[in-house]
2 protein chains.
Amino acid sequence: MSQPVIQSLTRADEAFDCLQTAIVIGDLAPGEKIGEVELCSRFNLTRGPLREALGRLESRGLLVRRPHAGVKVVSVSADELIELYRIREVMEGLAARQAAERMTDEEIRDLQATLDSHEKMIEEAQGQAYYQAEGDYDFHHRIATGSRNTKLAQMLLGDLYYMVRMYRYRLSTSAGRPHMALGEHRRIVEAIAQRDGELAEFLMKRHINAARQNIEQKIQQGVLTI
Amino acid sequence: MSQPVIQSLTRADEAFDCLQTAIVIGDLAPGEKIGEVELCSRFNLTRGPLREALGRLESRGLLVRRPHAGVKVVSVSADELIELYRIREVMEGLAARQAAERMTDEEIRDLQATLDSHEKMIEEAQGQAYYQAEGDYDFHHRIATGSRNTKLAQMLLGDLYYMVRMYRYRLSTSAGRPHMALGEHRRIVEAIAQRDGELAEFLMKRHINAARQNIEQKIQQGVLTI
DNA sequence: GCATCTTGCATTGTTGACAATCCATGGTGT
DNA sequence: ACACCATGGATTGTCAACAATGCAAGATGC
């Protein structure tokens, strides 16, 4: 008998999730100053749980809080976004290497199947970059957990990705990039399937490096203002 | 006129600091289950601020919380400690590289002076590994902030170091290691002074790799049980 | 007319009481 | 005697009122 494992979500947890997604999808814009009472009415909470959630969000760096002065959503500059990608590069490189060493054969097959479905999506929904963005997230998510490195996965999934996703809805990937990214994903998985950790790390680093350059280019062209 | 910048610390901040240091120095042992009221009386707080602090600590991974069942200090296994060092390796490698590119000349001079004082300490207090441990922390701290990568510094200083320090008081570094570590530090700073980011990264990675192997060895020898 | 100080208001921080949940102990039935 | 269920106690989660602090608007002096 599998236990239900409902483990009654506490209000603070709900508040945390709500706020986090609200920030990530841009419902709460970066730099926006928000009052506690306003948030309470908006999410049907009382201030107790809300404050606990705010504390958690703050320690994760999604919002900043000055005593008696209020709380506002963090706004990362273009430079900081680039720095985020530099961090991703080394951390996900490590994740890929450890994933190559530790993922089960079944997980790898699943990953390959995932890429197949992504390919289909890209072909069918030509130009619909959204799927690719979600797919990209899915891919990196699996590698992070596949590393079997608890803290690494926690830092990637709990900290970095949320900050990156904050800006994803503005970063409509450029025309040819989804196809290219898929190819890079394919090669990474190939390396993992061959249990070649060193190669997987190298390819992953290059993959994220390319994504970073893509963004950097757009910022310089003025296409993307942050 | 430099502003006082007292910015009234809130009770929750105090609570957070108190608990964090209590956990780090081992006053609250890993795995120990702790009640809220007990903590309140121990640190002279009320439950409101305490709970907010607990939330923050939880999201940083220093303690785990099950709804209605209490909170206990996280206990990291030997394997997880090793994994922590793997993460440090890549992240601090990046920090060293960026520090080499961005630290001011003054900061570098300060860093060199710091190493000089460490050397003195090691010579004078032969065997007193504590200073070395603190010194080691100081060194890595400066490099992290010197990287000018806000998020990177935040992740290193706010997450990883605290977890590593939890176990530092047990990891009395072995006999010859302080001297060797100091030499490694020297070479890293040298590379930074020459603005050779690539070399700084390489040396830092090797430095942390050596520390990891040192711990791994001790665990295998059974000297260190976690 | 401009700057500075003061006062009032709005917002955050804190507190203690109340409600909901879990754990353990003791009882009962088989 | 063992297992299961029920009840009591303790602990956590939640709430609403109170206190403290910062911010802004208005008044006053230069």
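In what follows, chains carry the letters A, B, and so on, assigned in the order in which the sequence lines appear, proteins first and then strands, with residues in each chain numbered from 1.
Near DNA chain C, defined here as any heavy-atom distance below 4.0 Å, the residues from residues 47-57 of chain A are A/Arg47, A/Arg51, listed numerically.
In this structure, B/His207 and B/His140 have parallel ring planes: the angle between them is below the 30° cut-off, well short of the 60° mark.
At whole-Å resolution of the value, CZ in A/Arg66 and P in C/dT12 are 12 Å apart. Protein atom CD of A/Glu58 is 14 Å distant from nucleotide atom P of C/dT12, rounded to whole Å. What separates CZ of B/Phe16 from C1' of C/dG13 is a distance of 18 Å, to the nearest Å. Rounded to a whole Å, the CD atom of B/Glu36 is 17 Å from the P atom of C/dA17. One interatomic measurement links the two molecules: NE2 of A/His68 to C1' of D/dA19, which rounds to 10 Å at whole-angstrom precision. Atom CG of A/Asn44 and atom P of D/dT14 are 14 Å apart (whole Å). Remark: C1' of D/dT11 and CZ of B/Arg65 are 13 Å apart, rounded to the nearest angstrom.
Applying the 4.0 Å criterion to OP1 and OP2 of C/dT14, one finds that B/Thr10 has a side-chain N or O inside that range.
When the side-chain hydrogen bond (donor to acceptor under 3.5 Å, both in side chains) test is applied to B/Thr145, no partner is found at least two apart in sequence or on another chain. Every side-chain hydrogen bond (donor to acceptor under 3.5 Å, both in side chains) that A/Arg148 has, sequence neighbours left out, goes to A/Glu107.
The two residues A/Gly31 and A/Ser75 make their nearest non-hydrogen contact at N-CB, 3.8 Å.
Side-chain polar atoms of B/Gln98 and B/Glu201 form no donor-acceptor pair below 3.5 angstrom. In summary, the side chains of B/His185 and B/Asp136 do present a donor paired with an acceptor at a separation below 3.5 Å, with no hydrogens or angles considered.
The side chain of A/Arg11 approaches D/dT14 more closely than any other nucleotide in the set D/dG13, D/dT14, D/dG22. Nearest nucleotide to the side chain of A/Thr46, out of D/dG13, D/dA16, C/dG13: D/dA16.
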